[in-house]
Amino acid sequence: MTISTSDKPFLTRVKESENDHFMQQSVAKAQDAQWDKRTAAREELGNWEQWRDLGEQIRQHVIKYLPDYLEQFSDNVEKKGGHVFFAQTDEQAVNYIKKIAKEKKAHRIVKSKSMVTTEINLDKALLSLPETSLMETDLAEFILQEDNWDEPTHIVFPTLHKNRDQIQNVFKKLGYSGSNDPEEMAKFARKYLREYFMQADLGITGCNFAIADNGMINLVTNEGNADLTMAIPKTQIVVMGMERIVPSLKEAEVLDNMLSRSAVGQKLTSYCSFSGPQVNGESDGPTDFHVVILDNGRSNALGTDFEPVLQCIRCGACLNVCPIYRHIGGHGYGSIYPGPIGAVLSPVLDGYEKFGDLPFASSLCAACTETCPVRIPLHQLLIKHRKVMMDKLKMDHSFNNVLMKGAGVATSSPILFKIALEGAHMGSAPLSKSKETSVDNLFNYGHIEKAPSIASGWTDVRDLARPPKHSDDFRSWYKKHKKEQQEGVSHD
């Protein structure tokens with residue numbers, strides 16, 4: 001399993017991300033822009049909540065009958081002369097693809113953007129073959145490749161963390177001598193890639209949706225690079241997660257509409273394509289067509305509380321509303337799947353030992369759940385992960401665990417809880433500082449800028465209000481307020 005992008009501890013990754021101010025500004029700008037575009041595109045479609053209901057129903061139905069639809073799809077691919085390989089692990093998938101490349105004596109390979117091929121580290125595996133070169137043809141992935149295989153920071157916008165000067169420097173290594181104007185650099189990349197396309201003998205793509213009843217592959221791209229990857233080389237290999245399947249074109253049309261509006265805030269991306277083996281009368285397309293259907297940990301979710309994560313259509317909308325992602329970007333997560341979806345999916349695919357920190361990288365604000373086009377209850381799944389780690393697996397052996405157990409005992413006892421409330425004001429005095437406040441009706445007893453132990457996570461990034469006197473706290477206010485209400489009713 002190769003979804004990990006860093007061996008550094010989580011807090012180290014977070015600190016590095018916090019110091020990357022350009023990345024933070026870029027993410028914030030993209031989130032704000034996508035908010036407006038996404039909302040407008042969804043409103044234009046109309047009845048968005050009903051579309052979400054339909055999308056959820058389609059995805060849940062497919063997952064419920066996944067073996068049946070996979071068998072139907074496989075049969076239809078083979079009826080058209082294609083080949084299907086079911087890979088339980090990333091190693092099996094990579095070995096099969098390398099075998100095809102060797103048999104075809106493929107020396108120039110083109111790839112369109114694909115998260116699942118990144119998941120299995122396919123690029124570097126193929127480059128280990130003698131006399132073999134490979135080119136990522138999506139512009140952003142091409143930039144990352146040429147920048148010493150830098151890791152993506154977003155599912156849909158992989159180079160969000162790079163500025164135009166950095167990209168210009170990457171292109172200079174390829175012979176570029178122009179300015180940092182995006183249009184000029186894009187023209188250079190287009191010409192560079194087209195020359196490689198014309199010499200390619202093997203094309204590899206991902207898969208947005210596989211159509212069960214006709215054996216076709218549905219791809220949605222912004223640049224058309226996937227179309228060239230499918231049309232020019234005589235051999236095509238499609239790599240897909242086993243859950244990326246729909247019953248028919250009708251369901252694919254629904255999800256394509258929802259994907260485009262959620263991912264990039266427009267009606268449809270530039271190219272919505274369907275492919276399969278070349279048939280009689282066609283002038284282009286692959287004559288040798290292979291589909292690799294990958295499990296790689298996805299079956300871990302089947303029949304569990306985490307099964308809804310398989311509904312994901314990889315639109316990235318949850319990243320675009322997440323306050324945590326806004327601050328730490330994609331690299332802070334240490335997984336090729338960042339953001340809320342990554343925080344849920346990564347532990348499912350590769351366990352808690354490696355990704356147990358990610359379910360706690362959330363404020364549980366539920367913005368991700370609210371925006372998800374197929375209604376994945378992301379924040380609830382994050383809570384479920386926490387429960388599994390803390391209650392079932394007993395993974396927290398820190399002093400915080402002792403403190404939380406003590407807090408549980410204290411808050412379950414009315415007498416101890418009352419003593420704690422009465423003592424909180426006096427006990428916090430040595431840590432408190434005073435400052436003026438403009439908030440009306442606020443008891444200003446000062447604030448705490450640096451709290452010890454378990455509360456330090458809060459005060460590292462914000463002030464903590466000092467607890468009020470017992471006579472001014474909520475319980476005292478509520479008791480007094482309730483008594484006044486009762487007296488008012490009795491007088492009436």
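When a residue number appears, it is its place in the shown sequence, counting from 1.
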Student: Counting C-beta onward and ignoring hydrogens, is there a side-chain heavy-atom pair between Y333 and S346 closer than 4.5 Å?
Tutor: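 No - every pair of side-chain heavy atoms lies 4.5 Å or more apart.
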Student: Over all heavy atoms of both residues, which pair between Q311 and V374 is shortest? Give the atoms and the distance, please.
Tutor: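 Looking at all heavy atoms of both residues, the shortest contact is NE2-O, 2.9 Å.
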Student: For W35, enumerate each residue passing the ring pair (Phe, Tyr, Trp, His ring centres under 6.0 Å) test, keeping only those at least two apart in sequence or located in another chain.
Tutor: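 Not a single residue meets the ring pair (Phe, Tyr, Trp, His ring centres under 6.0 Å) criterion with W35.
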Student: Once ring pair (Phe, Tyr, Trp, His ring centres under 6.0 Å) is applied, do any residues pair with F171, and if so which ones, sequence neighbours excluded?
Tutor: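 By the ring pair (Phe, Tyr, Trp, His ring centres under 6.0 Å) rule, F171 matches F142, F188.
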Student: Keeping T159 on the side-chain end and K162 on the backbone end, is there a donor-acceptor pair under 3.5 Å?
Tutor: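 Flag not set: sc T159 to bb K162 has no pair under 3.5 Å.
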Student: Report yes or no: does D147 contribute a side-chain atom to a donor-acceptor pair with the main-chain N or O of I143 at less than 3.5 Å?
Tutor: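 Judged by distance alone, no pair lies under 3.5 Å.
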Student: Just to verify, what does H447 make a ring pair (Phe, Tyr, Trp, His ring centres under 6.0 Å) with, not counting sequence neighbours?
Tutor: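 Ring pair (Phe, Tyr, Trp, His ring centres under 6.0 Å) check on H447 returns nothing, list empty.
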Student: Mind checking whether I383 and K387 have side chains closer than 4.5 Å, heavy atoms only?
Tutor: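 Yes - at least one pair of side-chain heavy atoms lies under 4.5 Å apart.
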Student: Under the ring pair (Phe, Tyr, Trp, His ring centres under 6.0 Å) criterion, do H425 and H470 qualify, and how do the steps go?
Tutor: CA-CA 8 Å; H425 179 74; H470 181 56; over 10 Å; no
Student: Quick one, S17 with D20, criterion side-chain hydrogen bond (donor to acceptor under 3.5 Å, both in side chains). Give me CA distance, side-chain angles, the key distance, then yes/no.
Tutor: CA-CA 5 Å; S17 297; D20 189 345; over 6 Å; no
Student: Do E243 and V62 have side-chain heavy atoms sitting under 4.5 Å apart?
Tutor: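 They are not in contact (no side-chain heavy atoms under 4.5 Å apart), so the answer is no.
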Student: Counting distance only, does the side-chain N/O of R52 pair as donor-acceptor with the main-chain N or O of E370 below 3.5 Å?
Tutor: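 Side chain of R52 to backbone of E370: a pair is present.
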Student: So with a 6.0 Å cut-off around CD of E183, is the heavy-atom count from everything else above 12?
Tutor: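 At most 12 heavy atoms, drawn from other residues, nucleotides or ligands, come within 6.0 Å of this atom.
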Student: Between K394 and D391, is there a donor-acceptor pair closer than 3.5 Å when you use the side chain of the first and the backbone of the second?
Tutor: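 Side chain of K394 to backbone of D391: a pair is present.
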Student: Is it true that a side-chain atom of E141 and a backbone atom of K113 form a donor plus acceptor pair closer than 3.5 Å?
Tutor: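 Answer holds: no.
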Student: Please determine whether a side-chain nitrogen of the Lys or Arg among R326 and D32 lies less than 4.0 Å from a carboxylate oxygen of the Asp or Glu.
Tutor: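 Yes, this pair counts.
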Student: Is a salt bridge present between E16 and K8, judged by a nitrogen-to-oxygen distance below 4.0 Å?
Tutor: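 So E16 pairs with K8 through a salt bridge.
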Student: Whether the side chain of R42 engages the backbone of W48 through a donor-acceptor N/O pair (distance < 3.5 Å, no angle test) should be reported.
Tutor: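 No, R42 side chain to W48 backbone: no donor-acceptor pair under 3.5 Å.
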Student: Between W458 and R462, is there a cation-pi geometry (under 6.0 Å to ring centre, at most 45° from the normal)?
Tutor: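 Yes.
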Student: Please test D138 against N225 for side-chain hydrogen bond (donor to acceptor under 3.5 Å, both in side chains), starting from the C-alpha separation and ending with a verdict.
Tutor: CA-CA 6 Å; D138 174 84; N225 59 302; 4.8 Å; no
Student: Have S299 and D295 got a donor and an acceptor in their side chains that come within less than 3.5 Å?
Tutor: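 Yes, D295 and S299 have a side-chain donor paired with an acceptor closer than 3.5 Å.
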Student: Start with the C-alpha distance between K111 and T117, add both sets of side-chain angles, then the distance that settles side-chain hydrogen bond (donor to acceptor under 3.5 Å, both in side chains), and finish with yes or no.
Tutor: CA-CA 9 Å; K111 281 182 74 269; T117 59; 3.1 Å; yes
Student: Is K172 salt-bridged to E146, cutoff N-O under 4.0 Å?
Tutor: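 Salt bridge flag = no for E146 with K172.
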Student: Report the distance from atom SG of C315 to atom CG of N208, rounding to the nearest 0.5 Å.
Tutor: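 Separation between the atoms: 11.0 Å.
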Student: Please round to the nearest 0.5 Å and tell me the distance separating atom CD1 of I341 and atom SG of C368.
Tutor: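 Between atom CD1 of I341 and atom SG of C368 there are 9.0 Å.
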Student: How far apart are the C-alpha atoms of N218 and C207, what are their side-chain angles, what is the distance that settles it, and do they pass the side chain to side chain contact (heavy atoms under 4.5 Å, CB included) test?
Tutor: CA-CA 6 Å; N218 178 202; C207 171; over 6 Å; no
Student: Side chains of Q266 and S260: donor-acceptor distance under 3.5 Å anywhere?
Tutor: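 Q266 vs S260: no donor-acceptor pair found between side chains.
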Student: Please check: side-chain N/O of N19 versus main-chain N/O of K15, any donor-acceptor pairing under 3.5 Å?
Tutor: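 Checking the backbone N and O of K15 against the side chain of N19, a donor-acceptor pair under 3.5 Å is found.
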Student: Does Y325 form a ring pair (Phe, Tyr, Trp, His ring centres under 6.0 Å) with H154? I'd like the steps, not just the answer.
Tutor: CA-CA 10 Å; Y325 178 81; H154 194 285; 5.7 Å; yes
Student: Residues two or more places apart in sequence or in another chain: which of them pass ring pair (Phe, Tyr, Trp, His ring centres under 6.0 Å) with Y65?
Tutor: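 Y65 satisfies ring pair (Phe, Tyr, Trp, His ring centres under 6.0 Å) with H61 only.
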Student: Give a yes-or-no answer on whether the side chains of S6 and R13 include a donor-acceptor pair shorter than 3.5 Å.
Tutor: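 S6 vs R13: no donor-acceptor pair found between side chains.
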Student: Output yes when D181 and R164 qualify as a salt bridge under the 4.0 Å nitrogen-oxygen rule, no when they do not.
Tutor: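 Between R164 and D181 there is no salt bridge, as every charged N stays at least 4.0 Å from the carboxylate O atoms.
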Student: Check side chain to side chain contact (heavy atoms under 4.5 Å, CB included) between A226 and all other residues, then give those that pass, not counting sequence neighbours.
Tutor: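 For A226 the side chain to side chain contact (heavy atoms under 4.5 Å, CB included) partners, ignoring immediate neighbours, are S112, L219, T221.
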Student: Using the side chain to side chain donor-acceptor pair (under 3.5 Å) rule, collect all pairs that involve residues 372-381, keeping only residues at least two apart or in two chains.
Tutor: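 Qualifying pairs: E49-R375, D53-R375, T369-H379.
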Student: Answer yes or no for R314 and Y337: cation-pi contact, defined as NZ/CZ to six-membered ring centre under 6.0 Å and angle to ring axis within 45°.
Tutor: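 Yes, cation above the ring, under 6.0 Å and within 45°.
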Student: Whether K433 and E449 form a salt bridge (side-chain N of Lys/Arg under 4.0 Å from carboxylate O of Asp/Glu) is what I want to check.
Tutor: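 Here E449 pairs with K433 in a salt bridge, since their nearest N and O are under 4.0 Å apart.
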Student: For the backbone of A301 and the side chain of T304, can you confirm whether one donor and one acceptor N or O come within less than 3.5 Å of each other?
Tutor: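 Between the backbone of A301 and the side chain of T304 there is a qualifying donor-acceptor contact (under 3.5 Å).
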Student: Kindly indicate, with the supporting measurements, whether the criterion salt bridge (Lys or Arg N to Asp or Glu O under 4.0 Å) is fulfilled by K482 and E487.
Tutor: CA-CA 9 Å; K482 187 175 181 180; E487 289 177 349; over 6 Å; no
Student: Between S412 (side chain only) and V409 (backbone N and O only), is there a donor and an acceptor less than 3.5 Å apart?
Tutor: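 Checking the backbone N and O of V409 against the side chain of S412, a donor-acceptor pair under 3.5 Å is found.
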Student: Got a donor-acceptor contact below 3.5 angstrom from the N300 side chain to the V348 backbone?
Tutor: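 Yes: the side chain of N300 pairs with the backbone of V348.
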Student: Begin with the C-alpha distance, continue with both residues' side-chain angles, and end with the deciding distance and a verdict on side chain to side chain contact (heavy atoms under 4.5 Å, CB included) for V292 and V238.
Tutor: CA-CA 6 Å; V292 178; V238 176; over 6 Å; no
